[in-house]
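Notes to accompany the following structure.
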Amino acid sequence: MTASAGQNLKVDPDRLWDSLMEMAKIGPGVAGGNNRQTLTDADGEGRHLFQTWCEDAGCTMGVDQIGNMFARREGTDPEAPAVYVGSHLDTQPTGGKYDGVLGVLGGLELIRTLNDLNIRTKHPIVVTNWTNEEGTRFAPAMLASGVFAGVHTQDWAEDKTDAEGKRFGDELDRIGWRGEEDVGARKDDMHAFFELHIEQGPILEAEAKDIGVVTHGQGLSWTQVTVTGKESHTGSTPMPMRRNAGLAMARILEKVEEIALSHAPHAVGAAGHIDVSPNSRNVIPGKAVFTVDFRSPELAVIEDMEARLRREGQAIADAMGMEIEFEKVGGFDPVTFDETCVTAVRTAAERLGYSHMDIISGAGHDACWINRVCPTAMVMCPCVDGLSHNEAEEITKDWARAGADVLLHAVVETAEVVA
Ligand SMILES: [Zn+2]
C-alpha cells in the first residue's frame with residue numbers, strides 16, 4: 001500500500017544550511033564564495049565529504065568511470081527502478097556556495113529527513129553528483145551528464161584538456177575518483193530525475209515567489225557572422241566611399257534586437273563576442289566578426305530567428321556593398337521537461353503552501369541531458385539579485401528550505417511512500 005506525503009513532512013533547514021556552509025569551506029574563493037573547480041584536489045575533498053555524509057545516512061555509494069557519484073537508499077521493492085535526485089558539486093573559479101551544491105545537498109537532506117521519520121519508499125532513491133557541470137576548467141559544460149546520456153563519447157570527454165594542457169581523464173585518475181561502473185550503465189534503473197537549483201536569474205525574486213516550477217530549458221543557437229568591407233583612413237575617406245564593416249555590424253545587431261523582441265517574452269538575442277579589425281582608432285573597420293546568440297524554449301522560434309538573421313543580415317550587407325558570411329558554430333535544442341514530473345513539483349509547492357510560478361531555465365543544467373534518459377523535472381529557488389557565477393551569489397535559508405521541501409515531496413510522491 002502506498003500513501004501520500006503529508007504537508008507536515010519537511011526537511012530540517014538548519015541541518016541543510018549547516019551542510020551547505022560546511023561544504024563551502026572546501027575550495028574557498030577569495031571573496032566569500034568558492035573555487036572548487038572540477039577534478040582539482042578541492043573537488044576530491046568535497047567528494048569525500050559528500051560520500052561520508054551519504055554513508056552516515058545509510059546509503060551505498062556507486063561511482064562510474066567518469067566520476068559521477070550515486071548514493072543509494074534502498075526501496076522496499078527490489079525490482080523497482082530508482083528515483084534520482086541531484087546536481088553538481090563543482091564550481092566556477094569565482095563561484096558561489098549554492099550553484100549545484102544546493103541540489104546535491106538538498107538530495108542528501110531529503111534522505112536524512114526520511115531516515116529521521118523512518119519513512120520507506122517503494123522505489124530506491126539515489127542522490128547524484130555529476131562531474132564537471134561548470135565546464136570552465138574542461139569545456140563544455142554538463143560534460144559527464146552528457147556522456148551518461150549518450151550525447152558525448154567517454155573518450156572525447158576524457159581527452160578534453162584544461163588551460164595547462166592537463167587531460168580530463170588523467171586528472172580524474174589523479175584525484176582518485178574514477179569508479180568501476182560503466183558510464184550510463186544504470187540508465188535503465190532511472191524511474192525519474194529531479195534537480196533542485198538556484199534560478200541564476202532575477203525573475204523569482206522580482207515576482208516574490210519561493211519556487212520556480214521549471215517547465216522548459218531554453219534552447220540556444222550561435223551563428224558567427226563575418227562582414228567584410230574595406231579598411232581605410234577615418235579622416236581622408238569621404239563618407240560615400242566608405243565600406244564600414246563596423247557600421248554594417250551595428251545595423252545587423254539592431255535587427256538581432258528586433259528579431260528577439262518579435263518573439264517576446266521568452267526569446268532573447270545578443271552578440272556577446274565582437275571583433276573588429278584592425279581595431280585601430282583611425283582605421284575604418286574592414287572586417288567585423290561577431291557571434292549572435294539566440295535563445296528560446298521553442299525550437300521553431302530559434303529556427304525562425306536564425307533564418308531572419310541570415311535574410312536580413314544579407315540584405316543589409318548587399319545594400320552597403322559588403323560581403324557577408326554566416327556560420328552556425330554551436331547550439332542545442334530546447335528541452336521540454338516531463339509533464340508528470342513537472343506536475344509533481346507544482347503539486348508539492350501547492351501542498352506545502354509555497355508561492356510558485358512556472359519558469360523556463362535560461363541556463364543549461366545536467367537535468368537538460370538527463371531528460372533524454374528518463375522523465376525529468378527541475379525545482380528552482382530564487383537567488384539574491386539573480387546573481388550567480390559570482391562569489392557574491394546568495395540565497396536565504398528560507399529559500400533553501402522551500403526548495404528542499406518541494407524536492408522532498410516531489411521525490412517521495414514519485415518514489416511512493418510505503419504505509
Ligand atoms: Zn549549476
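Since the model is a prediction, treat every value here as computed from it, not as a measurement. Counting starts at 1 for both ligands and their atoms, in listed order.
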Task: Ring centroid separation F168 to W177 under 6.0 Å - done: no
TODO: In plain terms, say whether D41 and R174 are close enough for a salt bridge, that is, a side-chain N and a carboxylate O under 4.0 Å apart.
DONE: yes
Can you give the donor-acceptor pairs under 3.5 Å from side chains of residues 328-335 to other protein atoms, not counting sequence neighbours?
from: K328; atom 1: NZ; to: E306; atom 2: OE2; distance (Å): 2.7

- [ ] Just jot down the salt bridge (Lys or Arg N to Asp or Glu O under 4.0 Å) partners of E312, sequence neighbours excluded, or say none.
- [x] K255, R308
Open item on the list: Tell me every residue that passes side-chain hydrogen bond (donor to acceptor under 3.5 Å, both in side chains) with S355, counting only those two or more places apart in sequence or in another chain.
Closed with: D210
- [ ] Report the protein N/O/S neighbours of the Zn ion (ligand 1) that fall below 2.8 Å; do not count waters.
- [x] H88 NE2, D99 OD1, H197 NE2
Task: Expected output: side-chain S296 to main-chain V301 donor-acceptor under 3.5 Å - done: no
